[in-house]
Colleague: 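Shown below is the structure under consideration.
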Amino acid sequence: MELPAADHSGAFKPTRWSLVLRASDRREPTAAAALNELCATYWYPLYCFARRRGLNPPDAEDATQGFFARILQRETLADADPERGRLRTFLLTAFQRYLVNFDEHRFAQKRGGAAHPISLDDAEQRFGAEPADGNSPEKIFEHQWALAVLDRTLAALAAECESRGQGTAFEIFRPLLSDALDESSDSYATISARLAMTPGAARVAVHRMRKRYRDILFSQIAETLDDPSPVAVRQEIQALFAALG
């Protein structure tokens, strides 16, 4: 995928670790939503990390639930230091530390009443469907992080298109969002017929949607970095696609 140019002219608002910083401030009205975003994006990559570290399914579920319970209580986020660079690095390091004292945390959780901030009903089913490989827990986490970011980016684009009455166009153009996919005349003739537009107009529409997809991905990544400069974000996007390789 071609990376965005340095000039984004309002395509996103650069922020520094915005999710963590909003979530760690109890006075911030968007804190609850920010925490939900963190949980939704990172629970499965961390669950995979726990499983690859050798925890059985019940223990991996308990560890992931317990860790995010601490996130929701702002206990873990109180130690968040934006100067450390990447949100994903901070969360993985914090989770590794949590696992060191997992039994102690689990005892305290049971004593105080277990919190269930996220649903892990399909966690093991999803993990069981992952391809068998010899990758380290850290590599598995990176791979799942990359998939989660791309899923969120696609969901954001879908919601945006739906709000503009372009939901049907999004579903039809979706298979062509990757720059590497087929751009033959036949493919555009087929989709243009479904949308009652010319093949040329369909090609332009796909290219615009691809650009918007890249802009949203750029914004998603920028929000998780200490340095949201175009150069830093490009490096993180390169790391994201390397994790998928």
Side-chain angles (χ1 to χ4, degrees), residues 17-26 28 30-82 84-152 155 220 223-224 240 243-244:
W17 269 32
S18 60
L19 292 178
V20 167
L21 297 182
R22 290 203 307 267
S24 61
D25 186 353
R26 293 180 181 276
E28 171 57 56
T30 61
L35 286 172
N36 286 334
E37 283 190 66
L38 283 175
C39 293
T41 302
Y42 287 95
W43 77 261
Y44 185 65
L46 289 176
Y47 176 85
C48 289
F49 178 85
R51 287 288 285 116
R52 188 54 64 93
R53 276 279 296 266
L55 272 67
N56 61 36
D59 284 349
E61 289 186 13
D62 285 348
T64 307
Q65 288 280 13
F67 179 72
F68 279 107
R70 291 175 66 84
I71 291 285
L72 290 173
Q73 294 162 8
R74 274 73 163 186
E75 294 177 23
T76 301
L77 295 181
D79 298 326
D81 180 3
R84 293 178 185 174
R86 300 179 179 90
L87 171 60
R88 63 185 169 95
T89 301
F90 163 75
L91 286 175
L92 181 57
T93 300
F95 189 55
Q96 288 173 308
R97 291 173 178 168
Y98 180 86
L99 291 179
V100 170
N101 300 307
F102 173 54
D103 288 336
E104 178 182 337
H105 289 307
R106 180 164 47 180
F107 175 77
Q109 190 176 344
K110 289 181 178 178
R111 182 182 56 195
H116 299 283
I118 50 179
S119 173
L120 301 182
D121 290 343
D122 66 339
E124 190 56 26
Q125 182 178 356
R126 288 177 62 181
F127 183 76
E130 300 291 345
D133 56 50
N135 286 337
S136 67
E138 290 78 11
K139 289 288 187 182
I140 293 296
F141 171 81
E142 294 281 338
H143 183 80
Q144 293 301 329
W145 157 76
L147 291 177
V149 171
L150 293 181
D151 284 346
R152 288 188 65 222
Q220 295 274 357
E223 285 202 337
T224 67
L240 181 149
L244 294 172

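We count residues from 1, following the sequence as given. Heavy-atom basis, side chains included; hydrogens, waters and symmetry copies ignored.
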Colleague: With the side chain counted from C-beta on, respond yes when Tyr42 and Leu87 share a heavy-atom pair under 4.5 Å apart, and no when they do not.
Modeller: yes
Colleague: Between CZ of Phe49 and OG1 of Thr64, what distance do you get to the nearest 0.5 Å?
Modeller: 10.5 Å
Colleague: Taking all non-hydrogen atoms of both residues into account, name the closest pair between Cys48 and Gln144 and its distance.
Modeller: SG-CG, 3.8 Å
Colleague: Do Leu99 and Arg53 have side-chain heavy atoms sitting under 4.5 Å apart?
Modeller: yes
Colleague: Could you walk me through whether Val149 and Thr224 pass the side-chain contact (heavy atoms from CB on, under 4.5 Å) check?
Modeller: CA-CA 11 Å; Val149 171; Thr224 67; over 6 Å; no
Colleague: Assess whether side-chain contact (heavy atoms from CB on, under 4.5 Å) is satisfied between Phe68 and Leu46, documenting all intermediate values.
Modeller: CA-CA 10 Å; Phe68 279 107; Leu46 289 176; 3.8 Å; yes
Colleague: Does NZ or CZ of Arg70 fall inside the cone over Tyr98's six-membered ring, less than 6.0 Å from its centre and within 45° of the axis?
Modeller: no
Colleague: When rounded to the nearest 0.5 angstrom, what is the spacing between OG1 in Thr89 and CZ in Phe141?
Modeller: 7.5 Å
Colleague: So, taking the atom named CZ in Phe95 and the one named CZ in Phe102, what distance separates them when rounded to the nearest 0.5 Å?
Modeller: 8.0 Å
Colleague: Can you sort out the partners of Gln220 under side chain to side chain donor-acceptor pair (under 3.5 Å), two or more places apart, ordered by chain and number?
Modeller: Arg152
Colleague: Going by salt bridge (Lys or Arg N to Asp or Glu O under 4.0 Å), name the pairs with one or both residues in residues 134-148, residues two or more places apart or in two chains.
Modeller: Arg88-Glu142
Colleague: For Phe127, check ring pair (Phe, Tyr, Trp, His ring centres under 6.0 Å) against everything at least two apart and list the hits.
Modeller: none
Colleague: Considering only heavy atoms from C-beta outward, does the side chain of Ser136 approach that of Arg52 to under 4.5 Å?
Modeller: no
Colleague: Looking only at heavy atoms, what is the nearest atom pair of Arg51 and Ala60, with distance?
Modeller: CD-CB, 3.6 Å
Colleague: Measuring from Gln96:CD to Leu91:CG, what's the distance to the nearest 0.5 Å?
Modeller: 11.5 Å
Colleague: If you measure from CD on Glu61 to CG on Leu55, what distance do you get to the nearest 0.5 Å?
Modeller: 11.0 Å
Colleague: Working to the nearest 0.5 Å, report the span between CD of Glu124 and CG of Asn56.
Modeller: 9.0 Å
Colleague: Please tell me if the side chains of Thr41 and Trp145 come closer than 4.5 Å, counting only heavy atoms from C-beta onward.
Modeller: no
Colleague: For Asp62 and Gln65, what are the C-alpha separation, side-chain angles and deciding distance, and is it a side-chain contact (heavy atoms from CB on, under 4.5 Å)?
Modeller: CA-CA 5 Å; Asp62 285 348; Gln65 288 280 13; 5.7 Å; no
